[in-house]
Amino acid sequence: MFEDKSQELTPISKLGEFGLIKHLTEHFSLSNASSEVGVGDDAAILSSENKKVVITTDILTEGVHFNLGYVPLKHLGYKAVVVNLSDIAAMNATPTQILVSLAVSNRFPVEALEEIYAGIHTACKKYNVDLVGGDTTSSNSGLVLSITAIGFENEDAIVKRTGAKPNDLLVVTGDLGGAYMGLQILEREHAVYLSNPNMQPEMEGYDYILEKQLKPEARTDIKNILKELDIKPTSMIDISDGLASEILHISDQSKVGFRLYEEKIPMDSLSISTADEMNLNPVMTALSGGEDYELLFTISPNDFDKIKNHPDFTIIGHAVEKEDGNFMVARGSNQLVALTAQGWDAFLNNQSN
Ligand code: ADP
Ligand code: MG
């Protein structure tokens with residue numbers, strides 16, 4: 001995307017490391033009371049007033065986590081922030097600061113980094129998060145982007161993966177599988193482009209799932225919705241790797257099993273029709289697709305009435321004793337299908353075809 005106008009591009013060496021950092025961060029301002037000192041000193045200073053610090057970090061590597069052939073740099077910056085904010089939201093905490101570190105090869109001009117920081121800036125504004133620091137270095141191959149997110153939260157509000165009890169209800173926000181189907185469309189059209197650069201990509205009509213993949217959102221809104229409903233989840237996780245894998249994480253950490261009802265899994269109609277079009281099983285894309293960044297949590301069965309008709313939530317199953325294992329109850333047949341980290345047993349594929 002930068003090849004066409006190569007004459008106008010600025011090599012990073014022209015600004016130097018310190019000039020570059022200043023150039024990229026000068027549009028950012030601090031808006032949270034907990035951010036005392038941000039970019040510019042040797043370290044940031046944050047203040048927490050008796051709250052716990054919730055902190056998480058993620059590395060994104062070119063060619064492993066993203067493909068610049070079809071991921072715009074601005075979206076990359078935005079998504080890199082969002083995936084970290086999602087982890088803070090999954091602790092039932094509110095993110096307030098990020099640090100951004102990048103390793104970048106000289107194939108990237110300053111303008112490319114401006115695009116990444118434009119995406120980071122948009123995410124900071126949207127989620128009211130302050131950029132308070134980072135690190136910048138060179139790389140011999142490609143781009144590596146590492147983001148750390150921080151939030152401060154009262155200890156009694158924080159939700160871990162460890163608190164689910166048998167009979168708790170299993171609840172998910174939003175709908176699942178869309179991000180994976182968006183990726184399938186991007187990869188399909190990118191392959192077409194590589195084999196014939198004159199072909200126009202056919203992306204029309206896929207907006208919802210493309211957005212789910214390229215510009216996912218972190219469910220930082222859920223904390224307040226739950227508070228208004230007077231519900232504190234017993235355990236919570238965000239869905240980065242697929243529903244099945246996340247259920248198994250809660251199962252492992254809380255020492256319970258789960259029953260997931262296939263017919264309850266919320267999916268958008270475009271995700272389903274696109275899966276059908278590509279000969280994929282739609283439920284498989286929800287179970288093992290990943291990158292949906294919705295929240296998965298358990299609540300006490302006593303809270304059922306508070307949540308049962310809420311548009312943001314779907315009750316998809318319940319916890320059982322650990323010895324009873326993790327199974328999906330298949331649509332129609334009531335057959336039990338073992339949940340695996342890949343999504344499900346190969347067994348079901350045979351049965352459902
Ligand atoms: P040091 O050499 O002491 O590590 P740096 O020159 O790396 O300091 O960083 C100077 C300041 O700029 C610090 O506040 C640091 O957190 C911030 N910073 C460095 N790189 C980035 C970046 N890519 N994004 C945001 N802030 C950065
Ligand atoms: Mg440094």
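For ligands, and for the atoms within them, numbers begin at 1 and follow the listed sequence. Just so it is clear, the model here is predicted, and its values are computed rather than measured.
Of the listed residues (Glu187, Glu189, His190), just one forms a side-chain hydrogen bond (donor to acceptor under 3.5 Å, both in side chains) with Tyr70, and that residue is Glu187.
With sequence neighbours left out, Glu153 forms a side-chain hydrogen bond (donor to acceptor under 3.5 Å, both in side chains) with Lys223. With sequence neighbours left out, the ring-ring contact (aromatic ring centres under 6.0 Å, His included) criterion links His310 to Phe313.
Proximity of Val39 to ligand 1, defined as any heavy-atom pair under 4.0 Å, is shared by backbone and side chain alike. Contact annotation for Asp135 and ligand 1: heavy atoms of both the backbone and the side chain come within less than 4.0 Å of the ligand. Contacts between Asp41 and ligand 1 below 4.0 angstrom, taking non-hydrogen atoms only, involve the backbone exclusively.
Remark: Asn224 CG is packed, more than 12 non-hydrogen atoms of other residues, nucleotides or ligands lying under 6.0 Å away.
The nearest non-hydrogen atom to atom 16 (O) of ligand 1, considering only Ser146, Ser101, Ala103, Gly134, comes from Gly134.
Remark: distances from the non-hydrogen atoms of Phe28 to ligand 1 are all 4.0 Å or more.
For the residue pair Asp130/Ser35, the side-chain donor-acceptor check at 3.5 Å is satisfied.
Per-residue contacts place Phe18 under 4.0 angstrom from the following atoms of ligand 1 (heavy atoms of the residue considered): 6 (O).
Here's the thing with Gly40: one of its N/O atoms is less than 3.5 angstrom from an N/O atom of ligand 1.
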